[in-house]
Structures are given as structure tokens and as C-alpha cells.
Amino acid sequence: MTETSIPRAEQSLDEEETATLAVDGDDTEADDGDDDTEANDTGAAAGGRVKKAVGEGDLFRQSEIAADYVEGLLDILDYDGDIDELVAAGRPMVEVVGERLQNLVGQRGATLEALQELTRLAVFRQTGTPSRLLLDVGGYRANRRKELAAVAKNAVEKVKEYGEPVRLDAMSAFERKCVHDVVNAMSGVESESEGVEPNRRIVVRPAD
């Protein structure tokens, strides 16, 4: 049996994660959540590996491969939806829009996260390149970002009022990235992640 090594999502494919996020190791990953070495990789990362720059044309190709894969899944599952492929914020994206798609999202986006990883694997198999593809179904991620922004702001208010750290519920990499973004945009507070998947959570505390 031949084993194909693929990148694990929690290692580096999702904390949505941009090199500008000043948070702890795993959450500058790659969230959702996503690239562990991304923030520190300036050409000669640990182990001497050099990351190859991916052009926008390559990213759009990834989104096209992903869209074809998702379309095939929808056909198999007998779901109807319009599929858009695009490149945004330096990463490939696929959005599925339609009615009665909730089963593809699942509880707290668990099914969506699984579908995203399958889609990334499909891209990896065709390109040989790990993908930070972001998959959204029915606008779930956009709506969840708004909810998490409110959660983050509430936590920040509590920290500023009482001066004590606030620990949030366990979240996916994507969700943690959303919270980190909001907290890091505010003065006087900072956030970091603690624990291990699937119980990894964010702690919001007064800034040093």
C-alpha cells in the first residue's frame, strides 16, 4: 500500500491566518485552523526549507480544482447550489450558495470543516502543493464571523472591566482566527490560544 503524505489541517492549513497576526504558534498557522511557518518564513525557515511563492494564477487554479470537486460532491449528494471560485486575501476560495444547504454545514460548522479538508486534499492531489483553500457554504462563515466578533468584544469588555483573563469556549481554527483578529485590533488587551484540538480555546487577557 502506498501512503501519500499530506499536510494536517491543525498543523498548518487554517488559522486563516496571515503573517500579520501576532498570536501564539499554532494560531498563526495556516483556521480555521491556517500556516505554522508562515509568519517566520522569510526564505530560510527551520530545517532550511524555503517556501515557494504561489502566484495568483496558481491560486485561481486551486479554486477551480476545488470548485470541480465540490460540484461533484453536490451531484453525488443530490444538492443544488451555485458555485463561485475566486481568490481573496491571497488565498483560493470556493463559495456555495443555495437553499437547504444546512446539512453541508453541520453543527457549528463541523461538516463544513470536514468538507473543506477533503477539498484541500483534492487540490493537493492534483497540484502537489498544500492549499489554504477556504470553503464556505450558504454564507456560514460570514455569519459566524459576525457572531464571533460580538463574542470577542464582550470578552474584551470583561477583561477591561475586571482586569482578569477570560477563557472562551473551545473553537475551531477558523473561529479562533476570527476572535484573534478582533482582539488584536483593540488596545489594552491580547489573546492567545491554549490546549489541544479539539479543545483548543482562546484566552483574552490584559496586555503586558
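The residue from Arg91, Arg120, Gln62, Gln126 that alone fulfils the side chain to side chain donor-acceptor pair (under 3.5 Å) condition with Ser131 is Gln62.
Linking ILVMFWY residues whenever their side-chain heavy atoms come closer than 4.5 Å, directly or via other members, places Leu118 and Leu135 in the same cluster. Under the 4.5 Å side-chain contact rule for hydrophobic residues, Val166 and Val203 do not share a cluster.
In this structure, the separation between CG on Leu115 and CG on Asp136 is 11.5 Å, given to the nearest 0.5 Å. Going from atom CZ of Arg200 over to atom CE of Met171 covers 13.0 Å, rounded to the nearest 0.5 Å. In this structure, Arg141 CZ and Gln116 CD are separated by 4.5 Å, a value rounded to the nearest 0.5 Å. The CG atom of Leu59 sits 11.5 Å away from atom CD of Glu64, with the distance rounded to the nearest 0.5 Å. For the atom pair Thr111 OG1 and Leu101 CG, the distance stands at 12.5 Å (nearest 0.5 Å).
Heavy atoms only, all atoms of each residue included: Leu133 and Ser63 are closest at CD1-CA, 4.2 Å. For Arg108 against Ala170, the heavy-atom pair with the smallest separation is NH2-O, 3.3 Å. Contact between Ser191 and Asn184 at its shortest, heavy atoms only, is OG-OD1, 3.7 Å. Pro165 and Pro206 get closest at one heavy-atom pair: N-CD, 4.5 Å. Glu197 and Arg176 get closest at one heavy-atom pair: OE2-NH2, 2.8 Å. Taking both residues in full, the closest heavy atoms of Cys178 and Arg145 are given as SG-CG, 3.4 Å, listed atom of the first, atom of the second, then distance.
The side chain to side chain contact (heavy atoms under 4.5 Å, CB included) test applied to Thr127 returns Ile65, Val123, Thr129, not counting sequence neighbours. Among residues two or more places apart in sequence or in another chain, the side chain to side chain contact (heavy atoms under 4.5 Å, CB included) test is passed with Gln102 by Val105. Under the rule for a side-chain hydrogen bond (donor to acceptor under 3.5 Å, both in side chains), the partners of Arg144 that lie at least two apart in sequence or sit in another chain are Glu147, Glu175.
When side chains are defined from C-beta on, Val70 counts as touching Thr119, because their heavy atoms get closer than 4.5 Å. Side-chain contact check for His180 versus Ile202: some heavy-atom pair is nearer than 4.5 Å. Val179 is listed as a side-chain neighbour of Leu168, based on a closest heavy-atom distance under 4.5 Å.
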Donor-acceptor contacts, no H, no angles, side chain residues 151-163, under 3.5 Å, sequence neighbours left out:
residue, atom, partner, partner atom, Å
Lys160, NZ, Ser187, O, 3.3

Side-chain donor-acceptor contacts of residues 74-88 below 3.5 Å, not counting sequence neighbours, with atom names and distances?
residue, atom, partner, partner atom, Å
Tyr79, OH, Asn103, ND2, 3.3

